[in-house]
Asks: 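Please see the structure below; I have some questions.
Residue numbers start from 1 in every chain, and the chains themselves are labelled A, B, ... in the order their sequence lines are given, proteins ahead of strands. These numbers come from a predicted model, not from an experiment.
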There are 2 protein chains.
Amino acid sequence: MATMTDIAREAGVSLSTVSYALSGKRPISPATRERIQSAIDRLQYHPTASARALASQRTSLLGVAVPQREDVDAHVIMEFVSSILTASHEQDYDLLLVAAEDHERTRRVMDEGKVDALIVMDLVEDDPRIPSLAALPRPVVLIGYPQESGGLACVDFDFLSGAMLAVRELHARGSRRIGMLTSPAATHRPSPTYARRSRLGYTMACTELGIAPTIVEVPSDAESLGAFVREQLVQEQRFDALFVHQEPALAHLGRAFAAQGVACPEDVQIVAISPEDVAVSGPWDVSNVELPISSIGRTALAMLLEMLSGPAAPPHSRLLSPTFTPRGTTRA
Amino acid sequence: MATMTDIAREAGVSLSTVSYALSGKRPISPATRERIQSAIDRLQYHPTASARALASQRTSLLGVAVPQREDVDAHVIMEFVSSILTASHEQDYDLLLVAAEDHERTRRVMDEGKVDALIVMDLVEDDPRIPSLAALPRPVVLIGYPQESGGLACVDFDFLSGAMLAVRELHARGSRRIGMLTSPAATHRPSPTYARRSRLGYTMACTELGIAPTIVEVPSDAESLGAFVREQLVQEQRFDALFVHQEPALAHLGRAFAAQGVACPEDVQIVAISPEDVAVSGPWDVSNVELPISSIGRTALAMLLEMLSGPAAPPHSRLLSPTFTPRGTTRA
DNA sequence: GAATTTCGTCGAAACGCTTCGCCTGCATGG
DNA sequence: CCATGCAGGCGAAGCGTTTCGACGAAATTC
């Protein structure tokens, strides 16, 4: 392993000159720059990350706490990680993964200076990690929007506005008995921070439009959803539209509609909050309010870098605005 | 940020004593050990990772090159990553993620000593990265089993034996016209290293049992599979058993069987190579040869650590043995 | 043309840890 | 009773960078 000292000797210059040639922080004449470069090529020199980190007090590593629980969708997590990974690489950072469940370890990578900053995913309401994260001396960004964020920066989709948008679109297309379909899991403690917000948005929009809000919790399996369709849609005809915030339910719902002869845009309209790929992957193409996972990831990273460079602005939160895409499950 | 020097002063001992107390590499009297510990608690000391890495020449970081291509199953990748992450943490390592597509960067994290060792996923036949990886001075383990591994250590499922096992089980249960169903994508260049091996195993087992091998390539969508069932199973009755190495096909296949009245264990038996969760998640419970993703991940990590501690043994490869689990798609 | 700035380079001091060699008791064995 | 060994501790030399201050020489200012 060649060191900078070797390069200096080989190029006949001083150590510091090599360093400045590499970093560009001071002017170096083209001639010496070239001699240095050729020495580097000849000796196959690569700067040593740990030495660099020790001297410069920055690792060019970013931490990401990823959940591993069975009940979070692996696809979604992977898309978050991927978007963050790609964006990091673009900014010349590498990514350090740590299990979100192992909070002790998450803290440690920050305390020991293994990473310059941290992104924490999968926040829940009253997340017990928040105080401990807020006390850290380095930048932290949460993906999620807990009611009490302890002064930490947050990034998330604006579920409240998203839900309102969904209801308004259904209403504008003539529906008046608009139910909300969601999973019972979302109300279990600890509950993801978006559960409350989409419900609130749904309720607010209903109130605003003068219709009665009805939130229905159904487990995400085929049988439960089949029963729901049979009883509440076919028999009772309770709803003429559904706002669905329950991704795994969409495919089953589609099959249940088909099986029980519920005509989709005609009898019952549907708008979901979901990523595009799940909206179009099932038996039908679902009109949806887009859940922009990659954007959230990229935004989180951008905020982190912002905090790393300018300690100026106080940490703020950013909620991504909803967009509605009509597809096959709503009328024109 | 308190440093070790602060601790030494506070505890009234020398710098090296603190270091030895922390590492346990030399005996320290209980009394001093206690004074040191209390100083550490009082000053909230945490060792600085980069300083430690510089002095000790090890980072306690492991690299993982993960693929981000759309056509690899995010679930599978996530399970690999999860198993490796968990196992790393158990051994007190952290994980550095790098995009497998960015090979330049992958090399760099090794060259700059950002990680102690590397796991590379998603190997393909004649993978262009192999020579470059083989030249690295630190341990590397490949997940996959390319024909020419350049002397690198490999870990993978034994697809050859797995395919043979599947065919033998079908044969033992009375089937004589056993086809292999797989995806055309697997033969496209670059092809994953397992494609060739499962085909070879299938062919060998057929030869051994004196039956004619027939490999059918069908795209993984519902229509293509429906057509396949109609034409080759219902009309031609070409097969009385299927060895399926094509995970996304299983669910569609099940629905096509139901729709077209093919009785599953009776008319046609099925054995798949797949992870357990996909075998039991579809419309039926598929008898399968288990694809032990977590085990592969853990094994890869174990090999890496082995190479890190004992540079003794030459790098070897490890293929995990297949196990067969009868479920609803084979006869008793 | 003297005073000041800029350019290109060097030397040395951090950065915070690990580890090697050395020294001082004090028990141990023969 | 003397050589030996080990528990317990100290000092100093790295590990490979970054960065600050200094220094001639050349370029710029008035």
Side-chain angles (χ1 to χ4, degrees), chain A residues 1-37 39-40 43-61 92 108-116 137-138, chain B residues 1-37 39-40 43-61 92 108-116 137-138:
Chain A
M1 294 280 106
T3 77
M4 244 174 68
T5 310
D6 298 327
I7 303 300
R9 189 182 330 104
E10 183 82 3
V13 295
S14 83
L15 221 213
S16 53
T17 301
V18 178
S19 177
Y20 285 121
L22 254 43
S23 70
K25 295 196 177 178
R26 282 195 187 177
I28 297 291
S29 74
T32 33
R33 183 191 304 285
E34 204 166 296
R35 295 221 313 290
I36 291 175
Q37 187 55 53
I40 288 179
L43 302 191
Q44 304 234 59
Y45 167 76
H46 296 275
T48 305
S50 47
R52 201 198 271 275
L54 177 57
S56 67
Q57 309 280 36
R58 14 174 298 118
T59 60
S60 76
L61 274 183
D92 239 313
R108 203 138 34 101
V109 298
M110 286 287 265
D111 286 333
E112 297 183 349
K114 274 195 173 174
V115 299
D116 294 336
R138 297 169 210 278
Chain B
M1 295 281 103
T3 75
M4 242 173 69
T5 312
D6 298 327
I7 303 302
R9 189 181 331 104
E10 183 82 4
V13 296
S14 82
L15 180 55
S16 54
T17 302
V18 177
S19 175
Y20 286 121
L22 255 43
S23 70
K25 294 197 177 176
R26 283 196 187 176
I28 298 291
S29 76
T32 21
R33 183 191 303 287
E34 205 166 296
R35 296 219 315 290
I36 290 175
Q37 186 55 52
I40 287 179
L43 302 192
Q44 305 233 62
Y45 168 76
H46 296 275
T48 306
S50 47
R52 201 197 272 274
L54 177 57
S56 67
Q57 307 280 39
R58 16 174 298 117
T59 60
S60 76
L61 275 184
D92 238 312
R108 201 137 37 99
V109 298
M110 287 286 267
D111 285 333
E112 297 183 347
K114 273 195 171 171
V115 299
D116 294 335
R138 298 170 208 277

Asks: Counting the atoms with a prime plus P, OP1 and OP2 as sugar-phosphate, which does A:Ser50 contact under 4.0 Å by heavy atoms, base, sugar-phosphate, or nothing?
Replies: nothing
Asks: Can a side chain N or O of B:Ser56 be found less than 4.0 Å away from OP1 or OP2 on C:dC17?
Replies: no
Asks: Could you work out which one of D:dA7, D:dT17, D:dC20 sits closest to the side chain of A:Arg26?
Replies: D:dC20
Asks: If you assign each of B:Tyr20 and A:His46 to its closest nucleotide in DNA chain D, which residue comes earlier from the 5' end?
Replies: B:Tyr20
Asks: Think A:Ser16 has a side-chain N or O under 4.0 angstrom from the OP1 or OP2 of D:dT18?
Replies: no
Asks: C:dC7 phosphate, OP1 or OP2: any side-chain N/O from A:Ser29 under 4.0 angstrom?
Replies: no
Asks: A:Leu54 side chain: which of C:dC15, D:dA7, C:dC17 is closest?
Replies: C:dC15
Asks: Taking only N and O in the side chain of A:Lys25, is any of them less than 4.0 Å away from OP1 or OP2 of D:dT19?
Replies: yes
Asks: To the side chain of A:Thr17, which of C:dC10, C:dT19, C:dC17 is closest?
Replies: C:dC10
Asks: Any salt bridge between A:Asp111 and A:Arg108, counting N to O under 4.0 Å?
Replies: no
Asks: Out of C:dG8, C:dC10, C:dC22, which nucleotide sits closest to the side chain of A:Val13?
Replies: C:dC10
Asks: Taking only side-chain N and O atoms of A:Thr48, does any of them lie within less than 4.0 angstrom of OP1 or OP2 on D:dT17?
Replies: yes
Asks: Any side-chain N or O of A:Ser19 under 4.0 Å from OP1/OP2 of D:dT18?
Replies: yes
Asks: When you match B:Ile28 and A:Pro47 each to their closest nucleotide on DNA chain D, which lands nearer the 5' end?
Replies: B:Ile28
Asks: Picking from D:dG11, C:dT18, D:dT17, which would you name as closest to the side chain of B:Ala55?
Replies: C:dT18
Asks: State which of C:dC10, C:dT19, C:dT18 makes the closest approach to the side chain of B:Arg52.
Replies: C:dT18
